[in-house]
Colleague: 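Right, I'll just put the structure down here and ask away after.
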Protein chains: 2
Amino acid sequence: MTETIFRTIRADILACRLLPGAKLKIAALAQRLDVSLGAVREALSRLSAEGLVVSETQRGFRVAPVSAADLTDLTTTRIEIESLCLRRAIAAQDVAWEAELLAAFHRLAHTPEREPNDAVRLADNWSRMHEAFHLALVSGCKSSWLLRLRGTLYMQSERYRRLSIPVARVDRDLVAEHRAIMDAAIARDAERATALLAEHLLMTARILLTAPELKEDPDSPSGEERGRRVRPQGSAAEKEPASA
Amino acid sequence: MTETIFRTIRADILACRLLPGAKLKIAALAQRLDVSLGAVREALSRLSAEGLVVSETQRGFRVAPVSAADLTDLTTTRIEIESLCLRRAIAAQDVAWEAELLAAFHRLAHTPEREPNDAVRLADNWSRMHEAFHLALVSGCKSSWLLRLRGTLYMQSERYRRLSIPVARVDRDLVAEHRAIMDAAIARDAERATALLAEHLLMTARILLTAPELKEDPDSPSGEERGRRVRPQGSAAEKEPASA
DNA sequence: GATGGCTATAAAATCGATTATTTGCCAGAT
DNA sequence: ATCTGGCAAATAATCGATTTTATAGCCATC
């Protein structure tokens, strides 16, 4: 059904198998996924409402662009929202939450960050564990609206995180960072926990902002000739064998 | 095109012409709006991603339910997000922003709250002016992500606000409330401005929470016979001549 | 008399074709 | 030689029909 297509395309976008700015040709996607045009169109519409895809009337869909300005805005906003969630979670702390958080951390700490044979791409499994940890961290927050907003921002960040991996030459002890945040949260030290979380998020953004990739691949500084620069359908659409 | 249908259905939901929980039959909507099935389906999908419509697999779409718990959560979340926006707007204050805010307030203050002949429904025009004022208040915030989140929550609140009007027997000086918030913002008193804004939002929620309507019409206490109660296609769909 | 299965009806999901729009290209004119 | 106008190919948007699925009513059996 259309839900499957929706998730498949979203996963491709989040994992950067479909590059930012790439043109999304409905017919090509339909043939590749072996479904009808309408189904793809519906999935693209939903993605558009979630902000992962942009649609221009009568001109089709493309993957939402990335830019340094967007990453900066996204990161600062995310810090504020995640902090709100984390403070509430700490205030409503209970044993079940602590247990889940410890379990999520343990799973994350023992999952290899990259695929054994592919040193450049993030492992899908690690991404899942990472998401589960951060979700466990804030899941004590009872507000479903706040968690929903957080989820939107987390999803957007996922694209940048995947983009940043080939650039991440700095060595960084992610396990220690996550452990420090968790320890502060369990110790009910909201100030310290939110400060560590903010630094954690800022670090990721900073690494990407100093990397050259974002400067030459970005959105639209002047706005014209976008298709020319990235050559989306030629390179992105053909190089990725999809369905994975 | 599908964009028009999307906006039409969204306006019907926000104005409560389509009641919360009402079943949205695709065929009926398609015939009424004189478009195809696929177009309606796509519009409903986008609404679903925005949270105004819920979809159950193989069981169609219905208008997102309302409940006292959801209103409480929505209000507290909205207070936090709007406060973040307002603080940033005040920090980045400039003359252009002040001018726009004053203009928006003046328009709002001189727009009648209800239709002259219909004392029970909110005037569409007043709703537009009210939205414009609140948008002007926070538009000094440069973060497009934060403003986007705020927009989502504002839209959700709109439904409750329209629902609350037939109940609003308490007399309330909305013009004075808005003026007080504006004055504090222009005076760069962020603490006072956010406090007044919070009280403003809480007041609206409080009025609705004490009213009986939400208690008997709410989401799904037990979950059955929901279509029976509101008879959506019979009353709501037929009484409004669409296109408005 | 009640319960369980079966059938009929209605609605939702999917599909392939048709129509309209845009874009790139070629030819002709200045 | 270059610019402009039209033409053709590609692609997005819309539509109506078909297929699958859920629900409700009915009959048979226990």
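Here the structure is a predicted model, which means the values were calculated and not measured. Side chains included, hydrogens not; waters and symmetry mates left out as well; all remaining heavy atoms used.
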Colleague: Among B/D70, B/T204, B/T75, which residue satisfies the side chain to side chain contact (heavy atoms under 4.5 Å, CB included) criterion with B/Y160?
Modeller: B/D70
Colleague: Tell me the interatomic distance from B/Q31, atom CD, to D/dA17, atom P, rounded to whole angstroms.
Modeller: 13 Å
Colleague: I need the single residue from A/R32, A/R159, A/R162, A/R17 that forms a salt bridge (charged side-chain N to carboxylate O under 4.0 Å, His left out) with A/D12. Which is it?
Modeller: A/R17
Colleague: Can we say B/E131 and B/R128 salt-bridge, meaning some charged N sits less than 4.0 Å from an Asp/Glu carboxylate O?
Modeller: no
Colleague: Look at A/E42 together with B/R46 and state whether they make a salt bridge at an N to O cut-off of under 4.0 Å.
Modeller: no
Colleague: Rounded to the Å, how far apart are A/F6 CZ and C/dT14 P?
Modeller: 14 Å
Colleague: A/L37 CG to D/dT18 P: how many Å, rounded?
Modeller: 18 Å
Colleague: If I take atom CG from residue A/L147 and atom OG from residue A/S139, how far apart are they, to the nearest 0.5 angstrom?
Modeller: 7.5 Å
Colleague: What is the separation between atom CD on A/E42 and atom P on C/dC15, rounded to the nearest whole Å?
Modeller: 11 Å
Colleague: Could you list, one pair per line, each protein nitrogen or oxygen that sits under 3.5 Å from a nitrogen or oxygen of nucleotides 9-12 of chain D, together with the distance?
Modeller:
| residue | atom | partner | partner atom | Å |
| --- | --- | --- | --- | --- |
| D/dA12 | OP1 | A/K23 | NZ | 3.0 |
| D/dA12 | OP2 | A/I26 | N | 3.4 |

Colleague: Please determine if B/R41 forms a cation-pi arrangement with B/F61, meaning its NZ or CZ atom is less than 6.0 Å from the six-membered ring centre and no more than 45° off the ring axis.
Modeller: no
